[in-house]
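A short worksheet on the structure shown next.
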Number of protein chains: 2
Amino acid sequence: MRMDFAETFAETPMRQVLFGVLSVVSAMPGLSQGKVAEALGIRRANMVALVNELVDLGLIARTTDHRDRRAFSLSLTQAGEAMLHEALAQIRRHEDRMLENLTTTERSTLVNLLRKIHGSTSR
Amino acid sequence: MRMDFAETFAETPMRQVLFGVLSVVSAMPGLSQGKVAEALGIRRANMVALVNELVDLGLIARTTDHRDRRAFSLSLTQAGEAMLHEALAQIRRHEDRMLENLTTTERSTLVNLLRKIHGSTSR
DNA sequence: TATTGTTATACTCTATAACTATA
DNA sequence: TATAGTTATAGAGTATAACAATA
């Protein structure tokens, strides 16, 4: 999955982590830079360059928060929304290819069995 | 899996990549350093330090090949075999924990379904 | 001339500490 | 005093190029 994704966007400045940021910002527009970083397990210090990249690419907008002038509110630009939708379409294409040999019943059986697997670390 | 593994050997000089080397050398004793690197997708240049570490830890033996004096033949020491067995036992414990909620029938169904998934990249 | 192991080196990712401006 | 973002920096991991010894 990761390899297919990286290959698709290889000739592009986009990387998986940048799509992660776009995804969180899209789900919770207006969230602060630090909170987005926390949601993704990224250190605030390392978040700076990532946000700079996305702003430079015109994919997110960074505005100072009205109520806390230390913080930045992040939101997607139209180009950012379009880029995120492209990534989601790529993910769907990948899944379709992966699962092409399974019937609908087999797919749901697979999901049910996977759900029964014990998450020993983060769940 | 990776996290569980790393946690188990955290207070140890062992890392996943070193177990990878031990595993390949154990399966094909006498293989050259470069071939082991190739089997693991490691560059020859980066292999040097890894083999040095394992030799210093007393886990592998490095001898010059009789037929090609440029090459090193790698093989496991007794301590290396013991370390590899420890890792395999840890992997088995992890799998047992993961699959504790599945019956034998469910486990084989799961494996059969996973086998039907289309490998889009490396298979 | 080609190959094995080696060294030097650069680039990415990630982690910590210290700074600034606000709160 | 604490927090949000920033900067500088250090450590892994991994990539390439050039070299000596051997084929």
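Order of the sequence lines sets the chain letters (A, B, ...), proteins ahead of strands, with each chain counted from 1. Computed from a predicted structure; not experimentally measured.
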Only pairs at least two apart or in different chains count here, so list each ring pair (Phe, Tyr, Trp, His ring centres under 6.0 Å) that has a residue in residues 66-89 of chain A. none
What residues, two or more places apart in sequence or in another chain, satisfy side chain to side chain donor-acceptor pair (under 3.5 Å) together with A:Asn46? none
For atom CE of A:Met47 and atom C1' of D:dT7, their distance in whole Å: 17 Å
Figure out the CG/P separation between B:Asn46 and D:dA12, and round it to whole Å. 14 Å
Ring pair (Phe, Tyr, Trp, His ring centres under 6.0 Å) partners of residues 7-28 of chain A, not counting sequence neighbours, each pair once: A:Phe5-A:Phe9, A:Phe5-A:Phe19, A:Phe9-A:Phe19
Applied to residues 14-32 of chain A, the salt bridge (Lys or Arg N to Asp or Glu O under 4.0 Å) test, sequence neighbours excluded, yields A:Arg15-A:Glu53
What side-chain donor-acceptor pairs closer than 3.5 Å can you find for residues 31-44 of chain A, not counting sequence neighbours?
unit_1, atom_1, unit_2, atom_2, d
A:Ser32, OG, A:Lys35, N, 3.1

Side chain to side chain contact (heavy atoms under 4.5 Å, CB included) partners of A:Thr104, counting only residues at least two apart: none
Can you give the donor-acceptor pairs under 3.5 Å from side chains of residues 54-62 of chain A to other protein atoms, not counting sequence neighbours?
unit_1, atom_1, unit_2, atom_2, d
A:Arg62, NH1, A:Asn52, OD1, 2.9
A:Arg62, NH2, A:Asn52, OD1, 3.4

My understanding is that only residues two or more places apart in sequence, or in another chain, count here; which of them pass side chain to side chain contact (heavy atoms under 4.5 Å, CB included) with A:Ser26? A:Leu76, A:Glu81, A:Leu84
When you list every nucleotide of DNA chain C with an atom under 4.0 Å from a heavy atom of chain B, which one comes first 5' to 3', and which comes last? C:dA2 to C:dT7
Residues touching DNA chain D, which here means a heavy atom under 4.0 Å, drawn from residues 8-37 of chain A: A:Ser32, A:Gln33, A:Gly34
Quick check on contacts: within residues 56-74 of chain A, what sits under 4.0 Å from DNA chain C by heavy-atom distance? A:Asp68, A:Arg69, A:Arg70
Sub-4.5 Å side-chain heavy-atom contact between B:Val21 and B:Met47: yes
Within this structure, what is the CG-to-P distance between A:Leu50 and D:dT6, rounded to whole angstrom? 11 Å
Taken to the nearest whole Å, CZ/A:Arg43 to P/D:dA10 is 18 Å
By side chain to side chain contact (heavy atoms under 4.5 Å, CB included), B:Ser73 pairs with (sequence neighbours left out) B:Thr63, B:Asp65
